[in-house]
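Here's the structure, in structure tokens; my notes come after.
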Amino acid sequence: MFPSIQEQMDLIKRGASEIIPEEDLVKKLERSIKTNTPLRVKLGCDPSRPDLHLGHSVVLRKLRQFQDLGHQAILIIGDFTGMIGDPSGRNKTRPSLTLEETREFGQSYFEQATKILSSDRVRMQYNSEWLGAMSFADVIKLASKYTVARMLERDDFTLRYKAGEPISMHEFLYPLAQGMDSVAIKSDIELGGSDQKFNLLVGRDLQREYGQEPQVILTTPLLVGTDGVEKMSKSYDNYIGINEPATEIYGKTLRIPDNLIYEYFELASDVPNAELAGIKKQLEDSSVNPRDVKRRLARTFVTMYHSAAAAREAEAQFGKIFIDKEIPENIEEYVIPNCAGETSLVGLMMVTKLASSKSEARRLIEQGGVSVDGERVGDLNAPVPTAKQFILKVGKRRFLKVFHA
RNA sequence: GGGCAGGUAGCGAAGUGGUUAAACGCAUCAGACUGUAAAUCUGACGGCAUACGCCUUCGGAGGUUCGAAUCCUUCCCUGCCCA
């Protein structure tokens with residue numbers, strides 16, 4: 001019922017950055033075949049940022065492959081850590097969540113994840129189930145199993161330590177908590193981004209400490225964000241969300257730097273391996289305008305997360321807006337309340353959030369970034385147009401259809 | 001507990017009593033050129049005001065001064081060294 005080892009390994013190794021240790025994976029697969037038992041493949045999820053993007057999709061797609069091979073996917077929602085909140089590291093303002101919020105986000109995460117995962121052979125568990133049940137004595141015992149020196153091996157800690165940046169005590173506990181998740185569910189394999197390597201390895205040690213066979217870890221490369229510099233992340237605002245509207249996914253994809261095209265195909269798309277080589281060639285020998293390859297990438301993403309029809313539509317609309325400079329079909333609408341309300345265009349821009357302040361609105365007008373029905377606005381004091389309805393455009397791609405009540 | 005060094009706008013980083021709303025770099029935004037790419041160029045980048053200008057900001061609070069990010073007091077936070 002399971003494919004052969006070779007077949008499985010071929011699929012598993014594709015796009016993986018590290019498998020540690022590979023021999024153990026082979027052994028686990030052999031046993032799985034022999035005993036006809038699926039492997040338990042774990043993926044930990046952070047519920048504090050409930051919007052999944054292409055960066056998350058890389059590892060989720062890897063998990064999907066395990067499902068396709070007949071194995072069991074287990075999503076661990078880190079609600080326990082989410083409730084504590086993590087004020088350290090880069091995310092100084094990460095809020096602590098209430099139990100309700102973590103449940104809500106967990107559910108939302110699950111729904112989004114199943115856009116990529118198959119809905120059978122997947123299980124979701126909240127780690128508060130076992131972490132919340134631990135006493136302080138349990139925690140101390142757990143902490144005694146690891147040393148400070150070993151913790152400081154983690155790259156992130158080393159760097160911060162050397163740079164004289166603060167590291168809070170509880171940060172040392174996070175890898176341990178994550179490792180306990182592996183113990184709790186007796187995972188055979190844990191997946192994660194390559195930045196998770198240390199935490200995943202801790203899971204191996206803890207499983208051993210608790211008398212279990214250590215999990216194999218598999219890391220996937222981190223997807224670079226649309227800015228071409230930082231890893232894709234919501235906090236850098238360089239992401240393409242899988243729940244975003246088709247036109248957004250399409251537009252954002254076309255805005256990525258050219259040198260990211262191949263990587264996105266390789267890591268985030270379902271284009272078969274066989275075609276990847278061809279794409280690489282096209283990009284290298286410039287036989288094709290990179291723009292066209294990028295268009296294909298954009299269509300691929302929209303097809304994956306919406307539909308082929310949506311992809312065609314998004315492409316058509318994109319052409320209309322940016323090549324023919326037309327106005328998109330579906331744009332947000334705003335109705336001006338007929339009583340008082342704003343009488344200046346600047347004020348209107350502010351209430352409709354097209355500008356965050358009047359000064360910014362004025363700046364935008366001054367710099368020629370604002371137009372009404374295609375006519376550039378040159379007057380800082382321009383009143384709200386009297387036309388019953390008009391199109392307000394700010395910058396290259398923010399449109400608003402405004403009506404008078 | 002003691003000593004030292006720090007906390008400046010989204011980030012990094014100047015500024016140590018008076019054109020300092022605060023240099024510079026990055027990021028961001030707008031415009032030009034493009035393929036809504038890259039590179040480049042121009043401009044903006046606390047708020048209010050058409051504008052003269054006004055108001056709020058340099059960890060928090062209080063004080064000295066005609067005037068403070070800059071001096072004093074106190075509190076909070078971070079790092080390093082010693083215990």
Side-chain angles (χ1 to χ4, degrees), chain A residues 87-94 152 157-169 171 224-231 233-240 244-265 282-284 286-299 301-302 314-328 342-347 349-351 353-371 375-383 392-399:
Chain A
S88 51
R90 213 176 292 135
N91 269 321
K92 291 201 172 61
T93 53
R94 181 182 286 184
L152 283 173
F157 287 149
T158 313
L159 292 175
R160 281 162 60 194
Y161 192 66
K162 281 191 184 145
E165 281 166 26
I167 300 173
S168 303
M169 292 294 293
E171 292 188 70
V224 176
T226 54
D227 57 2
V229 182
E230 301 287 353
K231 72 168 183 180
S233 145
K234 205 179 177 193
S235 41
Y236 291 131
D237 196 20
N238 62 358
Y239 66 98
I240 299 175
E244 294 195 79
T247 47
E248 277 296 301
I249 293 181
Y250 190 91
K252 282 187 176 186
T253 305
L254 275 200
R255 244 175 284 142
I256 66 170
D258 286 1
N259 58 357
L260 250 42
I261 299 175
Y262 180 77
E263 201 177 318
Y264 274 38
F265 265 117
Q282 286 183 332
L283 288 167
E284 274 167 5
S286 59
S287 57
V288 179
N289 186 336
R291 180 197 56 194
D292 296 324
V293 185
K294 206 189 276 182
R295 280 180 175 164
R296 176 177 170 192
L297 180 66
R299 284 196 305 273
F301 287 147
V302 177
E315 185 156 280
Q317 181 160 331
F318 184 88
K320 268 194 207 160
I321 300 169
F322 296 106
I323 297 167
D324 307 332
K325 307 277 186 218
E326 283 180 22
I327 287 157
E342 284 297 338
T343 50
S344 69
L345 193 61
V346 162
M349 284 168 67
M350 198 173 86
V351 295
K353 305 226 164 64
L354 287 170
S356 59
S357 68
K358 288 190 178 182
S359 296
E360 188 185 305
R362 244 178 240 121
R363 232 175 272 143
L364 287 163
I365 292 175
E366 248 167 16
Q367 301 188 124
V370 179
S371 68
E375 290 283 318
R376 186 176 279 190
V377 178
D379 180 7
L380 289 180
N381 301 313
L392 185 57
K393 182 182 176 191
V394 175
K396 286 192 181 86
R397 57 199 153 85
R398 283 145 75 205
F399 294 88

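Below, chain A is the first sequence line, B the second, and so on; all start at residue 1. Fair warning: this is a prediction, and the values are worked out from it, not measured in the lab. Side-chain atoms are counted along with the backbone in the values below, which use heavy atoms only and exclude waters and symmetry mates.
- A donor-acceptor contact shorter than 3.5 Å is absent between the side chain of A:Y264 and the backbone of A:K294.
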Item to complete: Quick one, give me the B/S/- string for nucleotides 77-83 of chain B, reading 5' to 3', where B means a protein heavy atom under 4.0 Å from the base and S means that only happens at the primed atoms, P, OP1 or OP2.
Response: -SSS---

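- With sequence neighbours left out, A:R362 forms a salt bridge (Lys or Arg N to Asp or Glu O under 4.0 Å) with no residue at all.
- Considering only residues two or more places apart in sequence or on other chains, A:Q282 meets the side chain to side chain donor-acceptor pair (under 3.5 Å) condition with none of them.
- Atom CZ in A:R398 sits about 6 Å away from atom P in B:A30, given to the nearest Å.
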Worksheet item: Which letters describe nucleotides 47-58 of chain B, given B = protein heavy atom under 4.0 Å from base, S = only from sugar-phosphate, - = neither?
Response: SBBS--------

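- Positionally, the nearest nucleotide of RNA chain B for A:V370 lies more toward the 5' end than for the other of A:I321 and A:V370.
- Annotation: side chain of A:V370 is in contact with side chain of A:M349 (closest heavy-atom distance under 4.5 Å).
- Listed candidates were B:A37, B:G35, B:C29. Nearest to the side chain of A:P257 is B:A37.
- No donor-acceptor contact under 3.5 angstrom links the side chains of A:E375 and A:S371, judged on distance only.
- At whole-Å resolution of the value, NZ in A:K396 and P in B:C29 are 10 Å apart.
- Listed by chain and number, the residues in a salt bridge (Lys or Arg N to Asp or Glu O under 4.0 Å) with A:K320 are A:E329 (sequence neighbours excluded).
- The distance from atom CG of A:N289 to atom P of B:A38 is 14 Å, rounded to the nearest whole Å.
- Judged purely by atom type and a 3.5 angstrom limit, A:N238 uses its side chain to pair as donor or acceptor with the backbone of A:S233.
- In this structure, B:U57 makes no Watson-Crick or G-U wobble pair, since no nucleotide meets both defining distances under 3.5 angstrom.
- With rounding to whole Å, A:Q367 atom CD is found 11 Å from B:G43 atom P.
- Between A:E315 atom CD and B:G35 atom P the separation is 16 Å, expressed in whole Å.
- Across the protein-nucleic acid pair, A:L254 atom CG and B:U34 atom C1' stand 14 Å apart, rounded to whole Å.
- B:G79 is paired with B:C4 under the criterion used here, namely a Watson-Crick or G-U wobble arrangement in which both key atom distances are under 3.5 Å.
- With a cut-off of 3.5 Å on both pairing distances, B:A22 has no Watson-Crick or G-U wobble partner at all.
- With rounding to whole Å, A:R397 atom CZ is found 7 Å from B:A30 atom P.
- At a cut-off of 3.5 angstrom, counting only N and O atoms as typed in the model, there is no donor on one side facing an acceptor on the other between the side-chain of A:D292 and the base of B:G35.
- A donor-acceptor contact shorter than 3.5 Å is absent between the side chain of A:S344 and the backbone of A:N381.
- Residues satisfying the salt bridge (Lys or Arg N to Asp or Glu O under 4.0 Å) test with A:K393, not counting sequence neighbours, are none.
- At least one donor-acceptor pair under 3.5 Å links the side chain of A:E171 to the backbone N or O of A:S168.
- Here the nucleotide nearest the side chain of A:L364, chosen from B:A32, B:A30, B:A37, is B:A30.
- When Watson-Crick and G-U wobble pairs are counted only if both distances are under 3.5 Å, B:A30 pairs with B:U42.
- When rounded to the nearest whole Å, the span between CG of A:N238 and C1' of B:C11 equals 15 Å.
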